Amino acid sequence: MNNLEAAWSLNEIADLLEIKGENPYKIRAYKRAAASITNLQLNLEDLYKEGSLRDVPGVGKAIAEKLEEMITTGKCSMLEKLREEIPPVFRSIPQLPGVGLHAARVIYNNTDIKDLEQLERAARQRKIRALPGLGPKTEVNIIRGLEIIKTQRDSSPLNLASASAEILVGFLSSLDITHRVALSGSIRRGKDTVHDVDIVASVDDKKFIAENFAKHPHVKEVSQSTDNRIEGLTWLGVKFDVMLVEEQEFIPVLFWTTGSKEFFRELTVFAAGKGCRLTGNQVIVDDRVVPVKDEKEIFELLGLSYIPPEIRESPEVIRA
DNA sequence: CAGTAG
DNA sequence: AGGCCTTACTG
DNA sequence: GCCT
């Protein structure tokens, strides 16, 4: 917990209080304290140790307690409570150009809007301009802002990632030493933003691939390369991670790398309860490696109905 | 003047 | 207890 | 909420 993080938290508290319609002076107090800490040359944790948090301008009893909690636990219960209380859409509203906290507050206190979809509908039905203190201007800004968000989503890193993914998968598939190639990770889970391109490939000569991947014209650099794994960057600025596996490992590795991390970890726990071990690259029952030809077999083995990659986000889906 | 932005 | 209240720009 |  550094000074900047603490300041950000206080600022977020101020914003959420403002959306709620709290006392303006209280809001300003949080903002002042945040600004004060942002400019502070001393380290907050040091000040806490010597018990002089309240020497910081704008930090009184209440805010000092919040800082203490943040420093000792890394969290702020007040902030967490506010985040629960106020739907995420109201943290998006002030991000829209020309729409600020005031509009967020009015909408929060005068409507039942709970998500972006409802907000857009209300705006298009001209319900926003009817709210006290808000006019056509705000309404138009909301609609325009939402449009911008959408188009940015459409041209988001996913497009670049997909382009790189297609090229790399195409390259691997074209080799006659390749058996199977599949996209994995967050792309396979259908996420609209991805951090990198994950590919699983079963090939006859892993070493050959590892040594020659860097020569592909679409590959800008290979940062790490072993016989089993190649990490690097494409000319489109997309990171990639290629897992090279034996044919019998293909499905277990695909399953593992598809994730999400939380989902897979929870499933290993669940499997353990059924006497089944899921490692990164094999499925083991009674100390014997069980060959699997597709993911469906893994779920059948565990007595689960098939869970498609798109919903392998949180562990909750396992219990369903 | 009200609302927004920094 | 009671005061605190940015400033500048835009429509 | 902070400050005087």
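None of the values given here were measured: they were computed from a predicted structure. For the numbers below, each heavy atom of this structure counts, side chains included, while hydrogens, waters and symmetry mates do not. Residue numbers begin at 1 in each chain, while the letters A, B, ... track the order of the sequences.
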Q. Rounded to the Å, how far apart are A:K137 NZ and C:dC9 C1'?
A. 13 Å

(Q) Nearest whole Å is fine: how far is B:dG3 P from A:L101 CG? (A) 14 Å

Q: Assign A:A33 to base, sugar-phosphate, or nothing according to its heavy-atom contacts below 4.0 angstrom with the strands shown.
A: nothing

Q) Whole-Å distance between B:dA2 P and A:E139 CD? A) 21 Å

Q) Is the number of heavy atoms from other residues, nucleotides or ligands under 6.0 Å of A:Q248 CD greater than 12? A) yes

Q | C:dC5 versus D:dC3 - spacing of their C1' atoms, nearest Å | A | 14 Å

Q. Taking CG from A:L131 and P from B:dG3, how many angstroms apart are they, rounded to a whole number?
A. 12 Å

Q | Between D:dC3 (P) and A:D55 (CG): distance, integer Å | A | 10 Å

Q.
Between A:E310 and A:R188 (salt bridge meaning N to carboxylate O under 4.0 Å), is one present in this structure?
A. no

Q: Could you give the distance separating B:dA5 and C:dT6 at their C1' atoms, to the nearest angstrom?
A: 12 Å

Q: Please state whether the rings of A:F264 and A:W256 are parallel, tilted or perpendicular, taking 30° and 60° as the class boundaries.
A: tilted

Q) The side chain of A:K61 lies closest to which of these nucleotides: D:dG1, D:dC2, C:dT6? A) D:dC2

Q.
Does a side-chain N or O of A:R54 approach OP1 or OP2 of D:dC2 to a distance below 4.0 Å, or not?
A. no

Q: Using a 4.0 Å heavy-atom cut-off across all strands, classify A:G98 as base, sugar-phosphate, or nothing.
A: sugar-phosphate

Q: Indicate the ring-plane relationship of A:F263 and A:F299, choosing parallel, tilted or perpendicular according to the 30° and 60° boundaries.
A: tilted

Q: To the nearest Å, give me how far apart CG (A:N11) and C1' (B:dG6) are.
A: 12 Å

Q: Verify the ring-centre separation between A:F240 and A:F213: is it less than 6.0 angstrom?
A: yes

(Q) Counting only side-chain heavy atoms from C-beta out, which of C:dT6, B:dG3, D:dC2 sits nearest to A:H102? (A) B:dG3

Q.
I need the CZ-C1' distance between A:R105 and B:dA2, as an integer number of Å.
A. 12 Å

Q: Round to the nearest Å and state the distance from A:L134 atom CG to C:dG11 atom P.
A: 18 Å

Q.
If the cut-off is 4.0 Å, is A:Y25 near the phosphate of C:dC4, judged by side-chain N/O to OP1 or OP2?
A. no

